[in-house]
Amino acid sequence: MTKQKVVVGEPKSGMDMAMAVVPKALFTTEVKKPPLMPGGYITISKKKLLHDLEINGGTRINAWVESMRASSPTSHRKSTQDQTSWMDRHPSALNVFDEITNASKGKQIVMFLDYDGTLSPIVDDPDRAYMSDAMRATVRKLAGCFPTAIVSGRCRDKVYNFVKLAELYYAGSHGMDIKGPSKGSKYKKVYGLLMEKTKSTPGAKVENNKFCLSVHFRCVDEKKWSELAAQVRSVVKDYPKLRLTQGRKVLEIRPTIKWDKGKALEFLLESLGYANCTDVFPIYIGDDRTDEDAFKVLRKRGQGFGILVSKIPKDTSASYSLQEPSEVMEFLQRLVDWKRCSLLMRRRF
């Protein structure tokens, strides 16, 4: 990938990013008020999440394991009635596609996409989470129509090696890649300790994502989750400036700075010149608990919406849902077709 340093709207934070140049024509739109958000959603209590997840709060291992099960379900535990009720609150983005595009008319759509579980399926080996050629082709076409960013918990280089599209924006390590350099020595030490502690747990895999560390338990027997959580806790408890969070079959160790996927979304919008614009329509698609920070930002802004990728009901601040990456690809392709059709109609008239 040939990186190109460009200045995009001179963000207040003064942070640099490596990004591709987006055609200026994509940013000129008619100014209108932001769209109304669809009604009905479930909020997650931040206090409860911190109580369940923060390593420095003296959380019991049992609470961790229950939280691990909740975000990494091994079976469908919700009844058909619960599923129907949840779908009423978070309808399929495919079924309400016209409603979505109508809300975005006259505004600049900006796309934000998680990677694992959104553009690629969740697999046992995280190093083999490849996206299909069809998905890559669809995302390439999407980037030709709208500014598009990948926001992932993985390091930016690793995500790029999976996606291999130079025309996208990449925000790795939950957006901390775009924030700037970090003290790598601490992470190397904690990484080594985690590798040593977890080697006795079959299936556990530790991944160094540069600005955060991930302990994957996709291949760990559920009976061993409590043991693994205790191993991770024994390492992180000695580092008060690090905190433990948990996503879809992964425990993540991150610095205790106020930076997450929601902050990354806001930073990218500011960098593109959309910080205080009423004519921008961000769409964020993700499947993980860490994506909730971005969904909440969109709710707070009153602009655009979030789409949760999930086959089962989950507490979420997303407005809509899609069940799996194949539906994500279909939705993205429909967006591309809609944009191209809109441009064709505009030229005719």
Side-chain angles (χ1 to χ4, degrees), residues 68-78 83 86-87 90 92-94 111-143 148-165 168 170-174 203-207 209 212 214-222 225 246-252 261 283-292 294-295 306-314 316 318 320-336:
M68 290 160 72
R69 289 195 184 102
S71 68
S72 309
T74 54
S75 62
H76 292 197
R77 300 176 182 177
K78 296 286 186 179
Q83 178 80 24
W86 189 82
M87 289 300 295
H90 310 285
S92 168
L94 293 172
M111 297 297 303
F112 298 90
L113 307 168
D114 182 29
Y115 183 75
D116 293 276
T118 299
L119 298 181
S120 75
I122 294 293
V123 294
D124 290 340
D125 184 354
D127 289 334
R128 300 184 65 82
Y130 305 120
M131 66 190 302
S132 67
D133 291 338
M135 179 67 88
R136 182 174 292 103
T138 300
V139 174
R140 179 182 283 113
K141 288 183 286 185
L142 182 77
T148 302
I150 307 294
V151 185
S152 173
R154 295 176 184 259
C155 70
R156 186 171 59 189
D157 292 342
K158 184 165 289 187
V159 176
Y160 177 79
N161 287 334
F162 280 131
V163 179
K164 292 184 172 66
L165 293 176
L168 304 183
Y170 292 88
S173 300
H174 302 280
K205 181 179 178 64
V206 183
E207 184 178 20
N209 288 312
C212 72
S214 301
V215 181
H216 298 277
F217 55 92
R218 299 174 189 177
C219 298
V220 176
D221 189 311
E222 190 169 342
W225 287 5
Q246 162 254 310
R248 191 173 177 184
K249 292 196 174 180
V250 63
L251 295 170
E252 293 180 318
K261 290 185 177 181
I283 300 176
Y284 189 106
I285 308 178
D287 76 310
D288 204 342
R289 177 172 288 177
T290 58
D291 298 308
E292 291 297 327
F295 297 154
I307 301 176
L308 177 69
V309 184
S310 178
K311 288 186 177 181
I312 64 171
K314 291 182 181 179
T316 183
Y320 302 108
S321 65
L322 292 167
Q323 292 204 1
E324 55 193 0
S326 62
E327 288 197 355
V328 173
M329 184 169 70
E330 182 181 351
F331 177 79
L332 298 181
Q333 183 60 56
R334 288 181 67 177
L335 269 181
V336 170

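Computed from a predicted structure; not experimentally measured.
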Would you mind reporting whether [Y] and [X] have side-chain heavy atoms less than 4.5 Å apart?
X: Glu207; Y: Val215; value: no
X: Gln323; Y: Val309; value: no
X: Ile285; Y: Leu308; value: no
X: Met135; Y: Ser120; value: no
X: Arg334; Y: Leu94; value: yes
X: Val336; Y: Phe331; value: no
X: Pro126; Y: Lys205; value: yes
X: Glu252; Y: Gln246; value: no

Worksheet entry | side-chain contact (heavy atoms from CB on, under 4.5 Å) partner of Tyr170, chosen from Val151, Asp157, Val159 |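 The side-chain contact (heavy atoms from CB on, under 4.5 Å) with Tyr170 is passed solely by Val159 among Val151, Asp157, Val159.
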
Atom pair [atom1]/[atom2] of [X] and [Y] - distance to nearest 0.5 Å:
X: Met131; Y: Thr138; atom1: CE; atom2: OG1; answer: 8.0 Å
X: Lys314; Y: His90; atom1: NZ; atom2: NE2; answer: 12.0 Å
X: Thr118; Y: Asp291; atom1: OG1; atom2: CG; answer: 6.0 Å
X: Lys164; Y: Arg136; atom1: NZ; atom2: CZ; answer: 6.0 Å
X: Ile307; Y: Tyr284; atom1: CD1; atom2: OH; answer: 12.0 Å
X: Ile283; Y: Leu335; atom1: CD1; atom2: CG; answer: 5.0 Å

Strictly distance-based, threshold 3.5 Å: is any side-chain N or O of [X] a donor or acceptor partner for the main-chain N or O of [Y]?
X: Ser152; Y: Arg154; result: yes
X: Trp225; Y: Val220; result: yes
X: Gln333; Y: Met329; result: no

Taking all atoms of both residues into account, what is the closest heavy-atom pair of [X] and [Y], and its distance?
X: Ser214; Y: Val250; answer: CB-CG2, 3.7 Å
X: Ala93; Y: Leu322; answer: CB-CD2, 4.0 Å
X: Ala129; Y: Pro121; answer: CB-O, 4.4 Å
X: Ser173; Y: Cys155; answer: OG-CA, 3.9 Å
X: Gly153; Y: Cys212; answer: O-SG, 3.4 Å

Discussion item. Show, in sequence, the C-alpha distance, side-chain angles and deciding distance for Ile122 and Asp287, and conclude whether the side-chain contact (heavy atoms from CB on, under 4.5 Å) test is met.
Written reply: CA-CA 10 Å; Ile122 294 293; Asp287 76 310; 4.2 Å; yes

Item to complete: Report the C-alpha distance between Val163 and Leu168 in whole Å, list the side-chain angles of each, state the deciding distance to 0.1 Å, and finish with yes or no for side-chain contact (heavy atoms from CB on, under 4.5 Å).
Response: CA-CA 9 Å; Val163 179; Leu168 304 183; 3.6 Å; yes

Worksheet entry | Electrostatic pair Lys261-Glu292, nearest N-O below 4.0 angstrom |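 Not counted as a salt bridge, because no side-chain N and carboxylate O are separated by less than 4.0 Å.
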
Discussion item. Does this structure show an ion pair linking Asp125 with Arg218, if we count only N-O contacts that are shorter than 4.0 Å?
Written reply: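 Salt bridge: no.
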
Item to complete: Evaluate the criterion side-chain contact (heavy atoms from CB on, under 4.5 Å) for residue pair Lys249 and His216; output intermediate values, then yes/no.
Response: CA-CA 6 Å; Lys249 292 196 174 180; His216 298 277; over 6 Å; no

Worksheet entry | Test side-chain contact (heavy atoms from CB on, under 4.5 Å) applied to Leu165 and Ile150, step by step | CA-CA 10 Å; Leu165 293 176; Ile150 307 294; over 6 Å; no

Worksheet item: Which word best sums up how the rings of Tyr115 and Phe162 line up, parallel for under 30°, tilted for 30 to 60°, or perpendicular for over 60°?
Response: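 It falls in the parallel class, under 30°.
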
